[in-house]
Amino acid sequence: MTEILFHNTLTGRTEPFVPLVQGEVHAYTCGPTVYDFAHVGNFRTFVFQDILRRYLKSRGFRVIQVMNLTDVDDRIIQKAAAAGVSIRDYTEKYIQAYLDDRRALSLEPPEHIARATEHIDDMVRLVQRLTEKGFTYTSDGSIYFRISKFPAYGKLSKIDVTGMQAGARVDVDRYDKDNVRDFALWKAPKPGEHFWETAIGPGRPGWHIECSAMAMKYLGDTLDIHSGGVDLMFPHHENEIAQSEAATGKPFVRYWLHSEHLLVDHEKMSKSVGNIATLRELFAHGHKPSSVRFLLASVPYRRQLNFTPESLQGAASSVDRLRNFVSRLRSEKFPAGASPAMESRTVKAQEDFDRGLADDLNTAQALAAIFDLVRDVNTAMDHGEFRQGDAAPVLAVLEMFDAIFAVLHDDDGEKLRALGLAPVSPPLSDDEIEALVAERQAARKRRDFAASDRIREQLAERGVILEDTRDGGVRWKRK
RNA sequence: GGCGCGGUCGCCAAGUGGUAAGGCAAAGGUCUGCAAAACCUUUAUCGGCGGUUCGAUCCCGCCCCGCGCCUCCA
């Protein structure tokens, strides 16, 4: 097996991946702040994290992944207050939406989904540890981390704090701090705001502390992998390192993986730019979950991805090609036996696929291995060089592919129905389709092509495509 | 200004010191009752300028351009 390589932001190098505990990967992935629907840009990262965990699993690792749900922050507090509901009630809706969206994109559930508001105690204890070690100070009831006490500050984002001067840029924080880079571990409550009464005083957690507290609670002091979008590198991840390592004296994360942004018209997709699209919007416009997943997964994670309707359409065509291939492999009848040539071709595809992913999750390269195989096998089938015994190994490669990419299963309709974005039941059941297909076959047999075509059109109108095969059979698929 | 990512066929996107994967799109063809699917063929010298080298798209230097972070952000 090929050695797995990951590009580690911390070292700036692509390095062999070896987890701390053999055969086990402890990974923390930054989840969403649930103040609104997540957009496709957010899901670019979540899909990357899913590819990451699926690949590690396929390589035999036991993966323990923790994902946070940030369900308390300034925006949530404001919006909940504006809506006149509790933070809990306000975020619940978006948490459900987020989890539904994840299912729509076939994102595997992490082992632990940790809500910030359910880990206040853990955060308080972490702040206490930091205070005991002298890394904090209090100002107006808020507790800050003093970065001057942590010399390694900046090692992830390569930011040099020594030359930093307060006032060089406007200090946007409303609180008094000794140094502009110091960050809040615990924020004093403002009048009317929701707060927790704790051993370190009333208030609510700062943004960064939740990740450190929850990551270490479930994964130990030193994690193998921590991932998120590049925009989180500074200050979020940098601050996580500072507060975690200051508390434990041990390395917090061994491999930092950051995914690049999704762009729209060469600009980052973000709420503030106003160029966002939610999954629901895309689906409502007729795009399929599998198209979205394929597109997001097909561009290697460290590359910016320009998102366009055309690229989505292209992704849909690619998925169709793969599904057509699998369908042909399953339905067509081939001569008995197996060919040694096909055997070795299959093994090569398998190796190439894995080599691509092993190289820092190069999904584009892995995909090429699959499409190469598809073409070669199709050619062999067209030339009558494919045997029945060759089918199973080829299908096995496709299954290996789908264990990572998860786009082959034709369940787009079901997923949309689950989101309430499609009719509750499919227009035609499998049995109804089969009955019409049989009827058409009978018509074809007596060479009544008019009747035959009528049935095909009738099915086409209801979203079912028929394909006549060489051996006189028919296979169908839902559009 | 600092830090980071990137500039390869119409679009997306791999990759290697010895003349460039794959996908989508387009055109032509084969097959087919028709259609679809599939297959075949056609379409690039890798942002610019220097340097190293027998030879660079890939190594080094400089420059140009795009994007991001440095403030909330996947």
Inset, instruction - Evaluate the ring planes of Phe353(A) and Phe401(A), with Trp represented by its six-membered ring, and classify them as parallel (under 30°), tilted (30 to 60°) or perpendicular (over 60°). - result: perpendicular

Inset, instruction - Check whether any side-chain nitrogen or oxygen of Arg375(A) sits under 4.0 Å from OP1 or OP2 of A38(B), and answer yes or no. - result: no

Inset, instruction - Check the distance between A38(B)'s P and Arg321(A)'s CZ and give it to me in whole angstrom. - result: 6 Å

Inset, instruction - Using atom NZ of Lys348(A) as one end and atom P of A21(B) as the other, report the distance to the nearest whole Å. - result: 13 Å

Inset, instruction - Establish, from distance only, whether the side-chain atoms of Asp354(A) and Tyr55(A) form a donor-acceptor pair under 3.5 Å. - result: yes

Inset, instruction - Quote, to the nearest angstrom, the C1' distance that separates U57(B) from G18(B). - result: 12 Å

Legend entry - Integer-rounded Å distance: A74(B) P and His226(A) NE2: 12 Å

Inset, instruction - Mark up nucleotides 2-12 of chain B, 5' to 3', with B wherever a protein heavy atom is under 4.0 angstrom from a base atom, S wherever such an atom reaches only the sugar-phosphate, and - elsewhere. - result: -S-SSS-----

Inset, instruction - Just call it for Arg440(A): base, sugar-phosphate, or nothing, with non-hydrogen atoms closer than 4.0 Å on any strand. - result: base

Inset, instruction - Write down the distance between CG (Leu373(A)) and C1' (A38(B)), rounded to a whole number of angstrom. - result: 15 Å

Legend entry - Interatomic distance at P, A37(B) relative to C69(B), whole Å: 42 Å

Inset, instruction - Rounded to whole angstrom, note down the C1' distance from U43(B) over to G10(B). - result: 10 Å

Legend entry - C1' atoms of C9(B) and C24(B), separation to the nearest Å: 12 Å

Legend entry - Inter-nucleotide P distance (A44(B), A20(B)), Å rounded: 11 Å

Inset, instruction - Would you mind reading off the distance between Ile465(A) atom CD1 and A38(B) atom P, rounded to a whole angstrom? - result: 13 Å

Inset, instruction - Please report, rounded to the nearest Å, how far the P atom of A35(B) is from the CZ atom of Arg475(A). - result: 17 Å

Legend entry - N/O donor-acceptor pair, side chain Arg44(A) with base A74(B), under 3.5 angstrom: no

Inset, instruction - Mind checking Asp453(A) for me? I need base, sugar-phosphate or nothing, with any heavy atom below 4.0 Å counting as a touch. - result: base

Inset, instruction - Using atom CG of Asn324(A) as one end and atom P of A37(B) as the other, report the distance to the nearest whole Å. - result: 7 Å

Legend entry - Nearest-angstrom distance, P atom, C65(B) to A27(B): 38 Å

Inset, instruction - Check whether the side chains of Glu281(A) and His285(A) place a donor and an acceptor atom closer than 3.5 Å, and report yes or no. - result: no

Inset, instruction - Report yes or no: do Thr29(A) and Gln65(A) form a side-chain donor-acceptor pair below 3.5 Å? - result: yes

